[in-house]
Amino acid sequence: MKITYIYNKVALAALATLAFTACNDIDENDRYIYVEPPQTDKVVLIEDFTGQMCSNCPLATGFIEQMQEDYGSDRVIAVGMHSGPLGLNTPLYTQTGQHYYDQWSIIGQPAGVIDRRTKVEGVNSITPWNTAVNNALALSAPLRLSAATSYDAATRTVSIDVTAEGVLDVEGKLQLWLIEDNVTSFQLMPDRSVDPRYNHNHVFRTAVNGEDGEAFSIAWGETKTVSHTYTLDAAWKEADMSVVAFVYNDEGVQQAVKVPVIPAESGEN
């Protein structure tokens with residue numbers, strides 16, 4: 001028994017020596033392999049500061065529509081903030097839109113804030129708008145964002161579930177907005193005429209979870225769902241409405257998504 005004990009002790013010592021030697025033979029730089037996070041396509045948010053008394057604002061709308069055609073409306077989301085002196089006292093003006101106008105120190109309309117990173121003003125050329133959007137699209141998003149809705153026609157209530165998947169660690173705020181397309185109202189045109197039945201799209205209606213959203217964080221590999229409900233104003237056409245959800249922080253919009261209030265596959269509930 002004593003001999004067996006010595007033999008086993010020697011064998012274990014030899015194995016330990018081999019293991020230690022093998023580890024030392026691995027180059028220090030090869031011991032830990034960095035795995036790059038998967039690339040996640042960035043969706044860009046344009047906050048379009050506009051007004052019904054702004055004669056050049058339809059030109060900015062044309063810029064935005066061209067970029068959506070070039071890059072895809074699922075990659076470039078626009079929200080029209082009717083605000084400022086050229087939006088004041090008009091049917092589409094909102095106090096919340098004015099809050100954002102003041103927050104971004106907008107001094108002239110039309111103006112756009114691209115992904116809460118870059119502010120562009122004026123319509124002398126589409127180039128500054130396009131450059132800012134193109135630069136934002138080139139980034140990889142640190143999280144995946146999706147949204148699902150259901151709509152109760154009897155109560156005009158939309159239920160919203162926003163699901164985030166962490167590609168990297170992210171801390172910031174989650175913002176939910178409601179917007180409406182195909183809103184017929186007057187608009188001052190570039191030739192200074194007034195179109196009484198202008199078709200306004202991506203019109204900001206309200207912030208579902210407060211003017212500045214709610215605190216939000218997600219870790220790498222984590223999945224998280226946030227739910228909200230909202231009762232639509234009687235004047236809004238639910239079939240033309242969408243939910244815009246985005247996560248932002250001091251570095252800008254990290255990811256965004258847009259879905260219709262009434263899911264296309266189900267119709268009204």
Side-chain angles (χ1 to χ4, degrees), residues 43 45-52 57 61 64-65 68 73-74 76-84 87-101 103 144-164 173-187 195-216 224-248 253 255-269:
V43 177
L45 176 70
I46 302 177
E47 291 169 77
D48 172 23
F49 290 94
T50 187
Q52 289 180 262
C57 284
T61 298
I64 292 169
E65 289 174 349
Q68 288 178 320
S73 58
D74 58 332
V76 178
I77 298 171
V79 178
M81 300 293 181
H82 288 258
S83 52
L88 187 65
N89 297 324
T90 62
L92 303 183
Y93 175 89
T94 65
Q95 290 184 343
T96 304
Q98 185 65 41
H99 166 75
Y100 301 130
Y101 181 95
Q103 184 180 60
R144 300 183 184 93
L145 206 60
S146 61
T149 57
S150 61
Y151 181 68
D152 185 339
T155 62
R156 293 184 58 79
T157 299
V158 58
S159 298
I160 308 162
D161 295 319
V162 179
T163 300
K173 291 187 175 183
L174 171 67
Q175 181 79 72
L176 300 180
W177 288 340
L178 289 175
I179 65 173
E180 185 177 354
D181 290 326
N182 301 315
V183 179
T184 301
S185 189
F186 80 86
Q187 176 65 49
D195 184 346
R197 296 190 59 79
Y198 184 85
N199 188 58
H200 296 268
N201 287 316
H202 58 260
V203 175
F204 173 81
R205 287 305 197 185
T206 193
V208 172
N209 59 343
E211 288 182 337
D212 299 314
E214 61 193 277
F216 180 85
K224 183 179 292 187
T225 298
V226 177
S227 299
H228 284 277
T229 60
Y230 194 88
T231 301
L232 304 187
D233 187 282
W236 301 343
K237 302 187 301 295
E238 60 269 37
D240 289 326
M241 298 195 69
S242 298
V243 175
V244 173
F246 62 97
V247 172
Y248 74 99
V253 174
Q255 187 60 303
V257 67
K258 173 185 170 183
V259 294
V261 162
I262 301 176
E265 68 278 6
S266 63
E268 294 186 5
N269 291 332

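The first residue of the sequence shown is numbered 1, and numbering continues consecutively from there. Because the structure is a prediction, the values reported are computed rather than measured.
The backbone N or O of Lys237 lies less than 3.5 Å from a partner atom in the side chain of Glu180, making a donor-acceptor pair. Between the side chain of Thr94 and the backbone N or O of Thr206 there is no donor-acceptor pair closer than 3.5 Å. Looking at Gln68, its side chain does come within 3.5 Å of a backbone N or O of Val76 through a donor-acceptor pair. Using a distance-only test at 3.5 Å, with no hydrogens or angles considered, no donor-acceptor pair links the side chain of Gln52 to the main chain of Gly87. Put simply, the side chain of Gln175 gets close to the backbone of Gly210: a donor and an acceptor are under 3.5 Å apart. A side-chain donor-acceptor contact under 3.5 Å links Asp181 to the backbone of His202. Proximity of a side-chain donor or acceptor of Thr96 to a complementary backbone N or O of Glu211 within less than 3.5 Å is not detected.
Using a 4.5 Å heavy-atom cutoff, the side chains of Tyr198 and Thr61 are in contact. At least one side-chain heavy atom of Glu65 sits under 4.5 Å from a side-chain heavy atom of Asn201. The shortest distance between side-chain heavy atoms of Gln103 and Asp212 falls below 4.5 Å.
By the ring-ring contact (aromatic ring centres under 6.0 Å, His included) test, Tyr101 is found to be paired with no residue, residues two or more places apart in sequence or in another chain being considered. For His228, the side chain to side chain contact (heavy atoms under 4.5 Å, CB included) partners at least two apart in sequence or on another chain are Leu176, Val208, Asn209, Glu214, Val226. Residues passing the side chain to side chain contact (heavy atoms under 4.5 Å, CB included) test with Ala147 are Val162, Val257, Val259, sequence neighbours excluded. Residues satisfying the ring-ring contact (aromatic ring centres under 6.0 Å, His included) criterion with Tyr230, sequence neighbours excluded, are absent altogether. Residues satisfying the ring-ring contact (aromatic ring centres under 6.0 Å, His included) criterion with Phe186, sequence neighbours excluded, are absent altogether. Applying the salt bridge (Lys or Arg N to Asp or Glu O under 4.0 Å) criterion to Glu47, with sequence neighbours excluded, gives Arg116.
Here the closest heavy-atom approach between residue Arg156 and residue Trp236 is recorded as NH2-O, 2.7 Å. Nearest approach of Ser73 to Ile77, heavy atoms of both residues: O-CG1, 4.4 Å.
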(message) Set out, in order, the CA-CA distance, both residues' side-chain angles and the distance that settles side-chain contact (heavy atoms from CB on, under 4.5 Å) for Leu232 and Tyr151, then state yes or no.
(response) CA-CA 10 Å; Leu232 304 187; Tyr151 181 68; 3.7 Å; yes

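For the residue pair Thr225/Thr163, the side-chain donor-acceptor check at 3.5 Å is satisfied.
To the nearest 0.5 Å, atoms CD (Glu238) and CG (Asp152) are separated by 11.0 Å.
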